[in-house]
Amino acid sequence: MSAPDTARYSDTDLAEDVIAHLEAQLVAVRRLLQIVLEQGAWIRERDVHNVVRLAGILQAEMQRRGQLEDERMLLLERAGARLGVTASSVTLSLLESLMDPRTAQEASARSSELRGLLSEVQREHTCNRALMHQELAFLDHLLRLVDDGSGAYNEGGERPTANQSSLAGRRGVFDQEV
């Protein structure tokens with residue numbers, strides 16, 4: 001494509017907005033990764049206060065990500081209108097066709113970095129969920145061991161009454177058969 005053809009298809013404003021948006025996405029996902037990694041450390045330390053505190057911060061970051069996704073859709077609609085396709089049909093390759101080569105390369109690099117960071121966030125978040133599930137299962141196990149039936153609530157949220165038939169088959173933690 002010759003220089004005049006590039007200028008004819010180039011949309012500098014859209015290109016600048018895409019680069020700015022990708023940068024905002026990168027900043028947000030780096031923050032998200034930092035939160036998820038910190039939360040994982042607190043889960044391993046069994047520090048409930050900090051795990052819950054970071055869950056709130058994580059929720060706020062996820063809301064911010066929702067706003068960024070809305071902005072992304074607006075950019076895709078603009079690009080789609082410029083290219084004569086639907087927003088859902090706009091790809092990075094099509095977006096790059098509206099950019100000068102240097103900006104297209106920058107957009108590609110930022111997009112690639114963003115995909116890598118998002119994969120890392122997903123992986124760490126999945127790990128955190130598994131660790132929390134494991135910790136809660138262990139806590140449930142401990143609570144079942146110490147439950148004497150005298151004051152705990154059952155799964156339906158009611159206080160069961162202790163009777164001999166319900167306790168007959170249960171063994172205490174230190175009961176042993178010789």
Side-chain angles (χ1 to χ4, degrees), residues 1-140:
M1 191 177 290
S2 67
D5 289 336
T6 302
R8 185 174 52 153
Y9 292 108
S10 157
D11 186 333
T12 307
D13 290 338
L14 180 62
E16 288 174 1
D17 290 346
V18 167
I19 295 296
H21 176 75
L22 286 169
E23 186 57 37
Q25 288 266 16
L26 285 168
V27 168
V29 78
R30 285 182 193 120
R31 244 187 345 253
L32 197 58
L33 180 59
Q34 179 185 4
I35 292 165
V36 170
L37 290 172
E38 186 178 347
Q39 188 179 45
W42 288 122
I43 291 168
R44 287 173 184 84
E45 292 291 323
R46 296 185 175 126
D47 186 323
V48 174
H49 175 73
N50 280 311
V51 170
V52 171
R53 178 181 64 81
L54 286 166
I57 295 170
L58 184 63
Q59 182 64 35
E61 283 301 318
M62 292 306 292
Q63 288 175 349
R64 173 70 179 130
R65 295 259 330 127
Q67 292 171 341
L68 287 171
E69 283 302 309
D70 291 344
E71 293 170 12
R72 178 179 163 271
M73 282 308 300
L74 292 174
L75 283 172
L76 291 175
E77 288 170 3
R78 277 177 57 197
R82 180 79 165 86
L83 292 163
V85 299
T86 63
S88 62
S89 299
V90 175
T91 63
L92 183 59
S93 296
L94 285 174
L95 271 174
E96 289 172 351
S97 72
L98 298 175
M99 301 174 182
D100 65 75
R102 184 193 57 75
T103 306
Q105 185 177 15
E106 187 177 348
S108 179
R110 288 182 187 200
S111 178
S112 179
E113 182 182 1
L114 181 60
R115 284 191 308 274
L117 287 170
L118 286 169
S119 291
E120 191 172 349
V121 167
Q122 179 65 38
R123 186 175 49 252
E124 291 298 324
H125 185 65
T126 300
C127 182
N128 286 354
R129 288 177 56 102
L131 286 171
M132 285 195 296
H133 180 75
Q134 181 180 359
E135 290 297 324
L136 289 172
F138 181 67
L139 180 59
D140 183 58

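Starting from 1, each residue takes its place in the sequence as its number.
L37 has its side chain out of reach of Q34: every pair of non-hydrogen atoms, C-beta onward, lies at least 4.5 Å apart. Contact annotation: the side chain of R72 never approaches that of L68 to less than 4.5 Å [non-hydrogen atoms, C-beta and beyond]. The closest side-chain heavy-atom distance from L118 to L114 is below 4.5 Å.
For the side chain to side chain donor-acceptor pair (under 3.5 Å) test, no residue two or more places apart in sequence or in another chain qualifies with S108.
A donor-acceptor pair shorter than 3.5 Å can be found between the side chains of S88 and T86.
Here CD1 of I43 is found 10.5 Å from CZ of R129. Values are rounded to the nearest 0.5 Å. The CE atom of M62 sits 6.5 Å away from the CG atom of L58 when rounded to the nearest 0.5 Å. To the nearest 0.5 Å, the span separating CD on E69 from CG on L76 amounts to 9.0 Å. The line from CG of L95 to CZ of R82 is 11.5 Å long, rounded to the nearest 0.5 Å. Here the CG-CZ distance, from L131 to R46, works out to 10.0 Å after rounding to the nearest 0.5 Å. Taking CD1 of I57 as the reference point, atom CG of N50 lies at 9.0 Å (rounded to 0.5 Å).
Dense packing is recorded around CZ of R65, with more than 12 heavy atoms of other residues, nucleotides or ligands lying under 6.0 Å away.
Contacts classified as salt bridge (charged side-chain N to carboxylate O under 4.0 Å, His left out) and involving residues 102-120 (residues at least two apart or in different chains) are given here: E23-R110, R30-E113, R102-E106, E106-R110.
Smallest separation of non-hydrogen atoms from L94 and S89: CD1-O, 3.4 Å. A pairwise comparison of heavy atoms in L54 and W42 identifies CD1-CD1, 3.4 Å as the closest pair. Residues A104 and E96 approach most closely at O-OE2, 3.4 Å, considering heavy atoms. Pairing each heavy atom of N128 with each of G40, the nearest pair is OD1-CA, 3.1 Å. Counting all heavy atoms, side chain and backbone alike, A28 lies closest to E61 at O-OE1, 4.1 Å.
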Taking distance alone, no hydrogens or angles, what donor-acceptor pairs closer than 3.5 Å link side-chain atoms of residues 13-21 to residues at least two apart or in another chain?
residue, atom, partner, partner atom, Å
D17, OD2, R78, NH1, 2.6
D17, OD2, R78, NH2, 3.1
H21, NE2, Q25, NE2, 3.0

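The backbone N or O of A60 sits nowhere less than 3.5 Å from a side-chain atom of R64 that would complete a donor-acceptor pair.
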